[in-house]
Amino acid sequence: MLKDMMPHFDLYQPDTVDAAVTLVKQLGGDGWVVAGGQDSFDWLKNRVKRTPAVVDISGIAELRGVTDNNGGVTIGALTTLAEIEAHPLIRERFGLLATAAGRVASPQIRNVGTLGGNLLQDTRCWYYRGGMDCYRAGGNMCYADTPQGQNREHAVFGASRCVAVTPSDTANALVALEASFVLRGASGERIVPAADFFVGPAVDIRRMNALREGELLVAVNIPATWAGAEFYFEKVADRAAWDFALVSIAMALRTEGGTIRDARVVCGAVACTPLRLTAVEQALSGGARDAATADRVAPLASRGAQPLGFNGFKIPLMENLVRRAVRGGQA
Amino acid sequence: MAESIDAQAEARRLSRREFIKRVIASGAVASSASFVMGGMAGCAPRTRAALAGAAERLISIDVNGELRRVDVLPQETLAMTLRYKLGLTGTKLSCDRAECGACTVMIDGVTHYSCSTLTHMVRNRKVVTIEGLRGADGALHPVQQAFVDELAPQCGFCTPGQVVAAVALLQRNPNPTREEARQAMAGNLCRCGAYDSYLNAIMRATGNTGEIHHG
Ligand SMILES: Cc1cc2nc3c(=O)[nH]c(=O)nc-3n(C[C@H](O)[C@H](O)[C@H](O)COP(=O)(O)OP(=O)(O)OC[C@H]3O[C@@H](n4cnc5c(N)ncnc54)[C@H](O)[C@@H]3O)c2cc1C
Ligand code: SF4
Ligand code: FES
Ligand code: FES
């Protein structure tokens, strides 16, 4: 691995969102936005992606912090994962997100990595990260989806030429919590629901989200809908620290007199986007939160899955995670 | 004449590394550093019409309580600046990819991987490296002393990062359990596998001797 300087880029450090938006527009496609840099620098160090200019937004104070929003919360895009993990309001209302943020990478990365950067980071498919000219990189084949392709970490749902999965731990929690994303560009602001924000390869094989060139993610709104609900988050990875999910689950649940009234169940690392398990959600509603319900709904989790050569284990793993989520953690 | 002989003897007594450090620290910063950096691939500055918000190259950064003036390339990481421009080689560079923790420093009291931080991002912030932990009288920091007393390191390469991470933990939580310390130290790899010794040292530093486990 190279351990020298990154190739030269011009560095801009605006201190307001307006200045940043103007800069990104002036630079056209040449300005790479860096928040914490924990994903960006890898690409630049490895020379797999290059940029003539970096717009470092880390000094924009107005993009930091957590505020109350009618029983929900608004989280500035630059709020770090460590701040989210520890924030009293988030822990009290949306413990699901606090737990997910606390499972990302390592303490040092969580001290710097921002919520925005975590949501917008690129996929970990190592062929693509290694600089192969695959579909996602603009080429005309997928190296992971071949008989010899090393695809243990790849998708079992939603493949369309590319079989890469979403790497973000917080994205799954935010889809479960029905969050929406505030995006700002030179022509104004728009708000996109989390469920529409993440896009698979059938929609756009080059990008994993709906952010348009020149737009900044400004904030994430979590509505009061699931505030204080029952939550479950679990991430299975090869190592407890510093590792991406093989499969993860984020669940929000409302019960009334022992009966499940409503549920959101989202799986991570099984598709290019956080995957809502709607069949499981529907089957849960009206049931008790017990082992019998868990066994009844679990097989629905993997319905329609299409495993590749080396990732068939994700199917029982998904089902078991749903089982554990519904039971509330007991094996 | 006698003076210069003394100086030569003095130079011979210093290890090569110590000598280089002194040269760097003695004000020859810009020239010796630009020699090191100038030889690196891909560093040639290009010009672009100046847009508002462009970073200045000559900046001051607060390192270990001292304001250091330094000429920093836009793409330069803090680990590079510390090691090769400020002579602070206690901070180690290992993976250079945010994957090991050898380069851990504190910025405003919080641990960061200096290999994955741009130096330009730390203007107006306080950087503390392993060199900044000793007391005014030169005595080891209590955490360093505990690492020594527990014979914690093996090869020692990961140790500066481990010490900085441990000091940051104890500043935040002066009395962690062994398990809390384990979680807090999860961002620092040790190729020698001295994890248990490091946890013993942290428990010793906090006086929590009940949680020291020897073999
Ligand atoms: C060793 C290692 C292990 C990791 N493990 C995990 C893990 O287990 N789970 C996990 O989820 N992640 C993991 N990551 C990824 C890391 O957590 C995230 O990359 C981090 O949260 C990114 O945040 P950042 O602010 O540093 O991103 P940056 O690198 O600054 O940005 C990432 C991307 O988002 C864009 N961007 C960032 N903010 C904005 C904004 N406000 N508007 C527009 N664009 C923006 C950038 O242009 C860039 O393309 C790991 C990374 C490393 C290096
Ligand atoms: S899975 Fe996607 S990113 Fe990976 S090699 Fe195939 S096309 Fe490229
Ligand atoms: S050298 Fe910075 S984390 Fe490894
Ligand atoms: S003591 Fe050798 S790497 Fe940790």
Side-chain angles (χ1 to χ4, degrees), chain A residues 1-16 19-20 22-27 30-31 34-47 50-60 80 82-83 86 102 105-113 239-243, chain B residues 37 39-57 72-77 79-80 84 93-101 103-108 110-118 120-124 161 165 168-169 182-189:
Chain A
M1 246 198 278
L2 282 165
K3 267 192 261 180
D4 62 351
M5 298 287 269
M6 285 180 260
H8 173 87
F9 48 72
D10 292 334
L11 179 64
Y12 298 95
Q13 299 185 297
D15 33 51
T16 64
T22 308
L23 257 172
V24 173
K25 183 167 195 252
Q26 283 170 329
L27 290 165
D30 284 353
V34 164
Q38 303 304 292
D39 189 33
S40 301
F41 297 144
D42 271 12
W43 291 107
L44 302 176
K45 285 176 179 175
N46 293 342
R47 275 80 167 155
R50 286 167 188 270
T51 185
V54 159
V55 179
D56 165 21
I57 60 171
S58 66
I60 304 181
T80 66
E83 285 162 354
S106 71
Q108 285 92 327
I109 290 179
R110 296 195 292 275
N111 284 341
V112 196
R239 298 187 297 178
W242 249 317
D243 208 357
Chain B
M37 297 300 170
M40 291 178 166
C43 295
R46 284 174 301 107
T47 46
R48 158 190 293 277
L51 299 177
E56 296 277 344
R57 273 185 48 167
V72 179
L73 296 172
Q75 75 275 29
E76 191 170 317
T77 60
M80 289 275 181
Y84 303 119
L93 248 178
S94 182
C95 67
D96 199 24
R97 294 294 185 283
E99 288 173 9
C100 76
C103 65
T104 301
V105 300
M106 273 187 267
I107 300 175
D108 291 342
V110 171
T111 54
H112 285 54
Y113 296 136
S114 61
C115 72
S116 300
T117 305
L118 293 183
H120 280 283
M121 287 174 154
V122 307
R123 273 179 299 140
N124 311 320
L169 163 67
R182 205 171 66 82
Q183 296 295 335
M185 300 296 288
N188 291 75
L189 284 188

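Each chain gets a letter, A, B and so on, in the order its sequence line appears, and its residues count up from 1.
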Contacts of type salt bridge (charged side-chain N to carboxylate O under 4.0 Å, His left out), residue A:Asp42, not counting sequence neighbours: none
Can you tell if the side chain of B:Leu73 reaches within under 4.5 Å of the side chain of B:Arg57, non-hydrogen atoms only? yes
Between A:Gln13 and chain B, with a heavy-atom cut-off of 4.5 Å, which part of the residue counts as in contact: side chain, backbone, both or neither? both
Segment of B:Asn124 engaging chain A (4.5 angstrom heavy-atom cut-off): neither
Under 4.5 Å to a heavy atom of chain A? For B:Leu189 that would be both
Of the backbone (N, CA, C, O) and the side chain (C-beta and beyond), which part of B:Thr104 lies under 4.5 Å from a heavy atom of chain A, both, or neither? side chain
Just by distance, do the side chain of B:Ser116 and the backbone of A:Gln38 share a donor-acceptor pair under 3.5 Å? no
Less than 4.5 Å to any heavy atom of chain A: does that hold for the side chain of B:Ala184, its backbone, both, or neither? backbone
What's the shortest heavy-atom distance between B:Ala98 and B:Cys115, and which atoms? N-SG, 3.6 Å
Option among A:Asp56, A:Leu11, A:Val112 that satisfies the side-chain contact (heavy atoms from CB on, under 4.5 Å) test with B:Met121: A:Asp56
